[in-house]
*Asks:* 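First the structure, then my questions, so here it is.
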Amino acid sequence: MDVKAAVAFEAGKPLSIETVQLEGPKEGEVLVEIKATGVCHTDAFTLSGADPEGLFPAILGHEGAGVVVEVGAGVKSVKVGDHVIPLYIPECRNCEYCLSGKTNLCQAIRVTQGRGVMPDGTSRFSLNGQKLLHYMGTSTFANYTVLPEISVAKIREDAPFEKVCLIGCGVTTGLGAVVNTAKVEAGSNVVVFGLGGVGLNVIQGAKMVGANMIVGVDINPAKRELAEKFGMTHFVNPKEVAGDLVAYLVELTKGGADYSFECIGNINVMRQALECCHKGWGTSVIIGVAGAGQEISTRPFQLVTGRVWKGSAFGGAKGRTDVPKIVDWFMNGKIDIDSLITQVMQIEKVNEAFDLMHGESIRSVLTF
Ligand code: APR
Ligand code: ZN
């Protein structure tokens, strides 16, 4: 079938809207009509060419929502008409990782997904006979896409696509880091570095679980107002702190953060996030993605004296199990997604959405 897609032909070039060909779903796969998709920094990172695993030509996008319109042979967990959110981390419930109960990093299709193809080793997308690669197993910058059945979470049908699409990445990444990775307890003091889409979701997660102080740290004072709306109790602009930021934060939290979160991708900030944690128990979670080849550092004494350094991908969430619950949280008014959406535009304006990411925008949502 013909589908409308934004194609990334090569690194560093704008996306191009094309009519591309999509083959139907093979065994264990589903065809999904994408109704809305967010634009995330990871898409921009790959498009920039800085992502060593980025492959071209490809159809980017990994923060979508849509409807199943066809299922391949043997598909049991979803049916035609089901509303779904594509998952860039699948949940097969069978592999060693899924069965461990200790991680969300399902490995069932890791190798083929990383090569930009479906589990049988081939791509479903092409343009005039030239193969186009899938991206993160999702390729949501197309009005139809094919995914393995283990890579979709079935969600309730009354949830609006142009809102809940953000649960496919940013919302879950932030909330999940609080709930699944750090397991923040009520009454905790929390420090959040970076108040973009991810940091705001850490803040609303911390508020949801009943944190005490929720300190937001950002070099852009314009981020303050929205962060306060999400539950931030104290704002710190590192540029306005005379002296050492870590010492300032330890003082502010009366001994250090019980939990800190790095939502920027800056290795120097990652160190500050660890070191502002409370001696004896403070846990720091790295969420931001640092540039290829970069390394973190601290004195081992920081860990010997009880601080814990962790990381989290997709908020430690198991997609098929946890994503429908987060959709319920949104539908029940427990979390705010509307305020994260700064623009809604047609897929044709996808390059404008990428440009907006460098400015004041939190999230742009594209519709088809
Ligand atoms: N100290 C404090 N704040 C900073 C610093 C710094 N040194 N550098 C940048 N910031 C702030 C920016 O002002 C911005 O508000 O961090 C925020 C980052 O927000 P976004 O750019 O909107 O990024 P976001 O979508 O939240 O993603 C953050 O998570 O998923 C990853 O790849 C993503 O690494 C990125 C991170
Ligand atoms: Zn993302």
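Just so you know, ligand 1 is whichever comes first in the structure, and atom 1 is the first atom listed for that ligand. Side-chain atoms are counted along with the backbone in the values below, which use heavy atoms only and exclude waters and symmetry mates.
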*Asks:* Looking at I17, is its backbone amide N or carbonyl O close enough to the side chain of K4 to form a donor-acceptor pair, meaning the two atoms are under 3.5 Å apart?
*Replies:*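 Checking the backbone N and O of I17 against the side chain of K4, no donor-acceptor pair under 3.5 Å is found.
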
*Asks:* In plain terms, say whether E185 and K183 are close enough for a salt bridge, that is, a side-chain N and a carboxylate O under 4.0 Å apart.
*Replies:*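 Between K183 and E185 there is no salt bridge, as every charged N stays at least 4.0 Å from the carboxylate O atoms.
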
*Asks:* When you measure from atom 29 (O) of ligand 1 to every protein heavy atom, which one gives the shortest distance, and what is it?
*Replies:*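 That would be G288 CA, 3.6 Å.
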
*Asks:* Answer yes or no: is there an ion pair linking E149 with K76, defined by an N-O contact shorter than 4.0 Å?
*Replies:*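 Result for this pair is no, no salt bridge flagged.
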
*Asks:* Check each heavy atom of R363 against ligand 1 and say whether those closer than 4.0 Å belong to the side chain, the backbone, both or neither.
*Replies:*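 The part of R363 near ligand 1 is the side chain, not the backbone.
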
*Asks:* Just which atoms of ligand 1 are under 4.0 Å from any heavy atom in N220?
*Replies:*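 Atoms satisfying the 4.0 Å criterion: 13 (O).
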
*Asks:* Counting heavy atoms only, which part of L195 comes closer than 4.0 Å to ligand 1: side chain, backbone, both or neither?
*Replies:*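 It is the backbone that touches ligand 1; the side chain stays farther off.
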
*Asks:* Distance to 0.1 Å, residue and atom name: give those for the protein heavy atom nearest to atom 27 (O) of ligand 1.
*Replies:*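 Its nearest protein heavy-atom neighbour is V198 CG2, 3.6 Å.
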
*Asks:* Among A44, G194, G199, P221, which one puts a heavy atom closest to atom 16 (O) of ligand 1?
*Replies:*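 Looking at heavy atoms only, G194 sits closest to atom 16 (O) of ligand 1.
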
*Asks:* Just need the protein heavy atom nearest to atom 15 (O) of ligand 1, so name the residue and atom and give the distance.
*Replies:*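 That would be D218 OD2, 2.6 Å.
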
*Asks:* Report the hydrophobic cluster partners of I296, with the cluster defined as I, L, V, M, F, W, Y residues connected by side-chain heavy atoms closer than 4.5 angstrom, directly or transitively.
*Replies:*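 Grouped by the 4.5 Å side-chain rule, I267, M270, L274, I286, L303, W309 form the rest of the cluster around I296.
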
*Asks:* Would you please name every residue forming a side chain to side chain contact (heavy atoms under 4.5 Å, CB included) with D322, sequence neighbours left out?
*Replies:*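 Here the qualifying residues are N180, A317, K318, K325.
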
*Asks:* Mark yes when over 12 heavy atoms from residues, nucleotides or ligands other than K223 sit less than 6.0 Å from its NZ; otherwise mark no.
*Replies:*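 Yes - once you tally the heavy atoms of other residues, nucleotides and ligands closer than 6.0 Å, there are more than 12.
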
*Asks:* At what distance is the nearest protein heavy atom to atom 19 (O) of ligand 1, and which residue and atom is it?
*Replies:*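 Atom 19 (O) of ligand 1 sits closest to the protein heavy atom G196 CA, 3.3 Å.
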
*Asks:* Should you measure from each heavy atom of K223, which atoms of ligand 1 turn up under 4.0 Å away?
*Replies:*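 Those atoms are 15 (O).
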
*Asks:* Any N or O on G197 sitting closer than 3.5 Å to an N or O of ligand 1?
*Replies:*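 So ligand 1 has an N or O lying under 3.5 Å from an N or O of G197.
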
*Asks:* Heavy atoms only: which of S361, A273, C263 is nearest to atom 18 (C) of ligand 1?
*Replies:*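 The option holding the nearest heavy atom is C263.
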
*Asks:* Could you check V217, D244, L245, N266 and say which one makes a side-chain contact (heavy atoms from CB on, under 4.5 Å) with Q272?
*Replies:*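 Result for side-chain contact (heavy atoms from CB on, under 4.5 Å) with Q272: L245.
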
*Asks:* Do me a favour and list the nearest non-hydrogen protein atom to atom 4 (C) of ligand 1 with residue, atom name and distance?
*Replies:*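 Answer, as residue, atom name and distance: I264 CD1, 3.4 Å.
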
*Asks:* Looking only at non-hydrogen atoms, which of T42, V269, D43 approaches atom 7 (N) of ligand 1 most closely?
*Replies:*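 Shortest heavy-atom distance from atom 7 (N) of ligand 1: V269.
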
*Asks:* What count do you get for protein N/O/S atoms less than 2.8 Å from the Zn ion (ligand 2)?
*Replies:*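 For the Zn ion (ligand 2), protein nitrogen, oxygen or sulfur atoms under 2.8 Å: 3.
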
*Asks:* Tell me which protein heavy atom sits closest to atom 34 (O) of ligand 1, plus the residue, atom name and distance to 0.1 Å.
*Replies:*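 Scanning the protein heavy atoms, the shortest distance from atom 34 (O) of ligand 1 goes to V289 N, 2.9 Å.
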
*Asks:* Would you name the heavy atoms of V192 and C263 that are closest together and state the gap between them?
*Replies:*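 That would be CG1-SG, 4.0 Å.
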
*Asks:* Does H41 reach ligand 1 with a nitrogen or oxygen that is under 3.5 Å from one of the ligand's nitrogen or oxygen atoms?
*Replies:*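 Indeed, backbone or side chain, H41 has an N or O that close.
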
*Asks:* Throw together a table of side-chain donor-acceptor distances under 3.5 angstrom for residues 48-68, partners on residues two or more places apart or in other chains.
*Replies:*
residue	atom	partner	partner atom	Å
S48	OG	F45	O	2.6
S48	OG	A50	N	3.1
D51	OD1	E53	N	2.8
D51	OD2	T46	OG1	2.9
H62	ND1	D43	OD1	2.9
H62	ND1	D43	OD2	3.4
E63	OE1	R363	NE	3.0
E63	OE2	G170	N	2.8
E63	OE2	R363	NE	3.3
E63	OE2	R363	NH2	3.1

*Asks:* Could you check whether K13 pairs with E10 (Lys NZ or Arg NE/NH1/NH2 to Asp/Glu carboxylate O, under 4.0 Å)?
*Replies:*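 Yes, charged N to carboxylate O under 4.0 Å.
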
*Asks:* Counting only heavy atoms not in E27, do more than 12 fall under 6.0 Å of its CD?
*Replies:*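 Not more than 12 within 6.0 Å, no.
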
*Asks:* Against I85, only a single residue in I326, L166, V323, V32 fulfils side-chain contact (heavy atoms from CB on, under 4.5 Å); can you say which?
*Replies:*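 Looking at I326, L166, V323, V32, the match for I85 under the side-chain contact (heavy atoms from CB on, under 4.5 Å) is V323.
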
*Asks:* For side-chain hydrogen bond (donor to acceptor under 3.5 Å, both in side chains), just list the numbers for E275 and T298, CA-CA rounded to whole Å, side-chain angles, deciding distance to a tenth of an Å, and then say yes or no.
*Replies:* CA-CA 8 Å; E275 297 184 356; T298 189; 2.6 Å; yes

